*Asks:* 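Have a look at the structure that comes next, please.
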Amino acid sequence: MSGTIFTPFTEEELLPKEEKLEIIKKAKKISIGIPKETCLNERRTCLTPDAVQVLVNNGHDIIIETNAGKGSFFTDFQYAEAGAKITNDPKEAFGQDLVLKINPPTTEEITYLKSNSFLVSALQINLRDKDYFLQLAERKVNAIAFEFIEDDYQQLALVRLIGEIAGTSAVLYASELLALSSGLMLGGITGVRPTEVVVIGAGVVGEFATKAAIGLGASVRVFDNSLSKLRRLHSIIDSRVPTSIIDPKELTKSLRRADVVIAALPRLNQCPIVTEDMVLKMKKGSVIIDVTIDNGKAIETSELTTIENPYFIKHEVIHCALPNITSRIARTTSKAISNFFISYLLNHGEGDGFENMQIHKNQIKQSLYLYKGRHTRKEICERFGLKYHDINLLIF
């Protein structure tokens with residue numbers, strides 16, 4: 001059969017057909033409010049202009065209160081250029097479907113939240129009281145705390161992120177204070193004895209404080225009540241760091257020699273680790289940084305301080321107890337937090353929206369401490385005498 005071309009396709013298959021385009025399912029739009037921080041001289045913010053642009057390009061509305069980014073050196077003009085709406089009215093910023101905030105809202109700000117909206121902020125449980133939770137419950141809001149947000153690996157993702165910065169910045173600030181109080185450089189140089197640093201707590205904050213102090217050349221000793229955390233610290237730090245379980249006698253001896261103490265172990269309702277008597281035995285001009293003051297005193301003589309007045313002197317020892325120490329490096333911290341929230345919102349805000357993700361993402365569901373006005377975090381309910389509701393029975 002000359003002239004016949006062999007083909008494996010039928011005549012029908014060779015006929016041209018209409019093109020089928022992939023239809024991308026768009027995420028449900030979320031209106032996000034970023035209020036200006038009003039407590040503790042807070043300078044950080046949850047979203048940078050770059051993050052706002054990404055979210056706006058994905059169809060979300062961003063409403064930012066004027067000067068919300070000023071402390072982190074971001075201008076209203078930058079946010080407006082990125083697509084955000086700038087408002088002078090805090091009620092408008094708080095009146096959105098989702099409110100992102102660094103510090104928990106004040107009593108007045110709680111009244112601006114609309115029913116069934118979502119509030120995502122730090123909780124700072126040691127600075128809260130029962131009335132705070134009752135007021136939020138009256139507004140029937142859904143509240144998520146930074147401290148409870150977990151990733152797919154059941155790690156406290158945002159706590160770790162901020163903890164990394166807090167540990168490093170605590171050592172750097174201690175270095176400034178030590179030079180101010182004693183004329184000493186934190187670290188060591190040839191022929192001069194290195195300064196002594198005691199880190200209490202081998203978690204994320206303690207880990208990065210230890211790395212920073214070693215990097216400066218200091219002699220570091222770490223205390224914790226968890227052998228597994230101390231063992232983990234050994235495995236991730238190249239140089240061998242002396243470690244110890246928290247034994248009062250051993251701790252007291254180390255504190256007597258210490259130039260700097262970094263307290264990085266939350267206490268909640270427990271007694272302080274370092275007593276006033278231990279502080280009395282410390283060197284004149286030594287420095288204490290109580291990083292986890294907002295989760296309970298690790299140092300008996302600690303008192304809450306602010307960015308405006310970051311330290312005080314007691315028993316001739318400098319005390320710094322900033323609950324927001326990373327606010328001293330606000331731009332870096334804001335960028336880190338913002339990167340987290342871009343991923344958080346873009347990954348979890350798909351499909352039927354932010355509210356529906358609670359059903360499908362167990363990590364998000366477990367980070368709620370308030371769901372439609374009902375208290376869903378057991379440890380908070382036990383501490384403040386609130387009625388507990390199992391979140392798994394409320395969401396199904």
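Model, not experiment: these values are computed from the prediction.
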*Asks:* With a 4.5 Å limit on heavy-atom distance, are the side chains of V120 and I149 in contact?
*Replies:* yes
*Asks:* Looking at Y173, does the NZ or CZ of R328 lie under 6.0 angstrom from its six-membered ring centre and within 45 degrees of the ring axis?
*Replies:* yes
*Asks:* Test I62 against Y79 for side-chain contact (heavy atoms from CB on, under 4.5 Å), laying out the working first.
*Replies:* CA-CA 9 Å; I62 315 292; Y79 281 113; over 6 Å; no
*Asks:* Do I273 and V317 belong together in a cluster built from hydrophobic side chains that touch within less than 4.5 Å?
*Replies:* yes
*Asks:* How long is the gap from OG1 on T45 to NZ on K101, to the nearest 0.5 Å?
*Replies:* 10.0 Å
*Asks:* Same hydrophobic cluster for F74 and I34, using side-chain heavy-atom links shorter than 4.5 Å among ILVMFWY?
*Replies:* yes
*Asks:* Please determine whether side-chain hydrogen bond (donor to acceptor under 3.5 Å, both in side chains) holds for the pair T38 and E109, giving the CA-CA distance in whole Å, both sets of side-chain angles, and the decisive distance to 0.1 Å.
*Replies:* CA-CA 10 Å; T38 57; E109 289 168 345; 3.0 Å; yes
*Asks:* Once you round to the nearest 0.5 Å, how far does CG of L113 lie from CG of L136?
*Replies:* 7.0 Å
*Asks:* Kindly indicate whether the side chain of V260, heavy atoms from C-beta on, has any atom under 4.5 Å from the side chain of V198.
*Replies:* no
*Asks:* Same cluster for V287 and I307 if Ile/Leu/Val/Met/Phe/Trp/Tyr side chains link at under 4.5 Å?
*Replies:* yes
*Asks:* Checking T195 against D259: is there a side-chain donor and acceptor pair closer than 3.5 Å?
*Replies:* no
*Asks:* Taking side chain as C-beta onward, heavy atoms only, is T243 less than 4.5 Å from D224?
*Replies:* no
*Asks:* Give every donor-acceptor pair under 3.5 Å between a side-chain atom in residues 176-193 and any protein atom, sequence neighbours left out.
*Replies:*
unit_1	atom_1	unit_2	atom_2	d
S181	OG	L177	O	3.1
S181	OG	L178	O	3.4
S181	OG	G285	O	2.6
S182	OG	G285	O	3.1

*Asks:* Roughly how far apart are N295 CG and L265 CG, rounded to 0.5 Å?
*Replies:* 10.5 Å
*Asks:* Do you reckon I200 sits in the same ILVMFWY cluster as V279, going by side-chain contacts under 4.5 Å, direct or chained?
*Replies:* yes
*Asks:* Check F148 against E379 and note the closest heavy-atom contact, atom names and distance.
*Replies:* CE2-OE2, 4.0 Å
*Asks:* Can R43 and E37 be counted as an ion pair, charged N to O under 4.0 angstrom?
*Replies:* no
*Asks:* Check this for me: does any side-chain nitrogen of one of K85 and E92 sit under 4.0 Å from a carboxylate oxygen of the other?
*Replies:* yes
*Asks:* Within the structure provided, determine whether I125 and Y369 are in side-chain contact (heavy-atom separation under 4.5 Å).
*Replies:* no
*Asks:* Can you see which heavy atom on A84 is nearest to which on V52, and at what distance?
*Replies:* CB-CG1, 3.8 Å
*Asks:* Heavy-atom distance under 4.5 Å between the side chains of F223 and V274, does that happen here?
*Replies:* no
*Asks:* Can you name the nearest heavy-atom pair linking S338 to A51, along with the distance?
*Replies:* OG-CB, 2.9 Å
*Asks:* With a sphere of 6.0 Å drawn around CZ of R374, does it hold more than 12 non-hydrogen atoms of other residues, nucleotides or ligands?
*Replies:* no
*Asks:* Checking R331 side chain against F73 main chain: does a donor-acceptor pair fall under 3.5 Å?
*Replies:* yes
*Asks:* Applying side-chain hydrogen bond (donor to acceptor under 3.5 Å, both in side chains), which residue pairs with at least one partner in residues 202-217 are found, sequence neighbours left out?
*Replies:* E207-K211, E207-R232
*Asks:* Could you check E276 against K314 for side-chain contact (heavy atoms from CB on, under 4.5 Å), going step by step and ending with a plain yes or no?
*Replies:* CA-CA 10 Å; E276 186 165 3; K314 189 167 186 178; 4.0 Å; yes
*Asks:* Considering all heavy atoms of both residues, which atom of Q124 and which atom of E147 are nearest to each other, and what is their separation?
*Replies:* N-OE2, 2.8 Å
*Asks:* Set out, in order, the CA-CA distance, both residues' side-chain angles and the distance that settles side-chain contact (heavy atoms from CB on, under 4.5 Å) for L98 and H60, then state yes or no.
*Replies:* CA-CA 11 Å; L98 170 64; H60 303 304; over 6 Å; no
*Asks:* Excluding sequence neighbours, so at least two apart, what forms salt bridge (Lys or Arg N to Asp or Glu O under 4.0 Å) with K70?
*Replies:* none
*Asks:* Determine, stepwise, if the pair E42 / S327 fulfils side-chain hydrogen bond (donor to acceptor under 3.5 Å, both in side chains).
*Replies:* CA-CA 6 Å; E42 184 58 67; S327 191; 3.0 Å; yes
*Asks:* Can you tell me how far apart OG1 (T87) and NZ (K36) are? Round to the nearest 0.5 Å.
*Replies:* 11.0 Å
*Asks:* Grab the two heavy atoms, one from L161 and one from I337, that are nearest each other, plus how far apart they are.
*Replies:* CD2-N, 4.1 Å
*Asks:* Side-chain contact test, heavy atoms from C-beta onward, threshold under 4.5 Å: evaluate it for I380 versus H375 and give yes or no.
*Replies:* no
*Asks:* Quick one: does any side-chain atom of N58 pair with a main-chain N or O of V54 as donor and acceptor, under 3.5 Å?
*Replies:* yes
*Asks:* Side-chain heavy atoms under 4.5 angstrom apart, residues restricted to Ile, Leu, Val, Met, Phe, Trp, Tyr: same cluster for I165 and I289?
*Replies:* no
*Asks:* List the steps, then state whether salt bridge (charged side-chain N to carboxylate O under 4.0 Å, His left out) holds for K378 with D390.
*Replies:* CA-CA 8 Å; K378 196 168 187 179; D390 188 336; over 6 Å; no
*Asks:* Heavy-atom count around K140 NZ within 6.0 Å, excluding the residue itself: above 12?
*Replies:* no
*Asks:* Got a sec, which residues hit salt bridge (Lys or Arg N to Asp or Glu O under 4.0 Å) with R139, two or more places apart in sequence or on another chain?
*Replies:* none
*Asks:* Side chains of F341 and I32: closer than 4.5 Å at any heavy-atom pair?
*Replies:* no
*Asks:* Are any side-chain N or O atoms of D97 and backbone N or O atoms of S117, one a donor and one an acceptor, separated by less than 3.5 Å?
*Replies:* no
*Asks:* Under 6.0 Å from the CZ atom of F384, do we count more than 12 heavy atoms belonging to anything else shown?
*Replies:* yes
*Asks:* Does K283, at its NZ atom, have more than 12 non-hydrogen atoms belonging to other residues, nucleotides or ligands within less than 6.0 Å?
*Replies:* yes
*Asks:* Contact between I329 and T168 at the side-chain level, heavy atoms closer than 4.5 Å - yes or no?
*Replies:* no
*Asks:* side-chain hydrogen bond (donor to acceptor under 3.5 Å, both in side chains): which pairs involve residues 249-258, sequence neighbours left out?
*Replies:* R221-E250
*Asks:* As an exercise, state the distance from CD1 of I293 to CG of N324, rounded to the nearest 0.5 Å.
*Replies:* 12.0 Å
*Asks:* Looking just at side-chain N and O atoms, do H319 and T301 make a donor-acceptor pair shorter than 3.5 Å?
*Replies:* yes
*Asks:* Might you confirm whether atom CZ of F312 has over 12 heavy atoms from other residues, nucleotides or ligands at distances under 6.0 Å?
*Replies:* yes
*Asks:* Is it the case that the side chain of T376 and the backbone of L368 share a donor-acceptor pair, with hydrogens and angles ignored and the cut-off at 3.5 Å?
*Replies:* yes
*Asks:* Roughly how far, to the nearest 0.5 Å, is the CG atom of D294 from the CZ atom of R128?
*Replies:* 9.5 Å
*Asks:* Keeping D129 on the side-chain end and Y132 on the backbone end, is there a donor-acceptor pair under 3.5 Å?
*Replies:* yes
*Asks:* List the steps and the verdict of side-chain contact (heavy atoms from CB on, under 4.5 Å) for Y344 and I144.
*Replies:* CA-CA 13 Å; Y344 185 80; I144 293 172; 3.6 Å; yes
*Asks:* Looking at S121 and P104, what are the two nearest heavy atoms and their distance?
*Replies:* OG-CA, 3.7 Å
*Asks:* Donor-acceptor pair, distance only, cut-off 3.5 Å: does the side chain of R377 make one with the backbone of Q366?
*Replies:* yes
*Asks:* What pairs meet the ring-ring contact (aromatic ring centres under 6.0 Å, His included) rule with one or both residues in residues 82-101, with sequence neighbours excluded?
*Replies:* F94-Y112
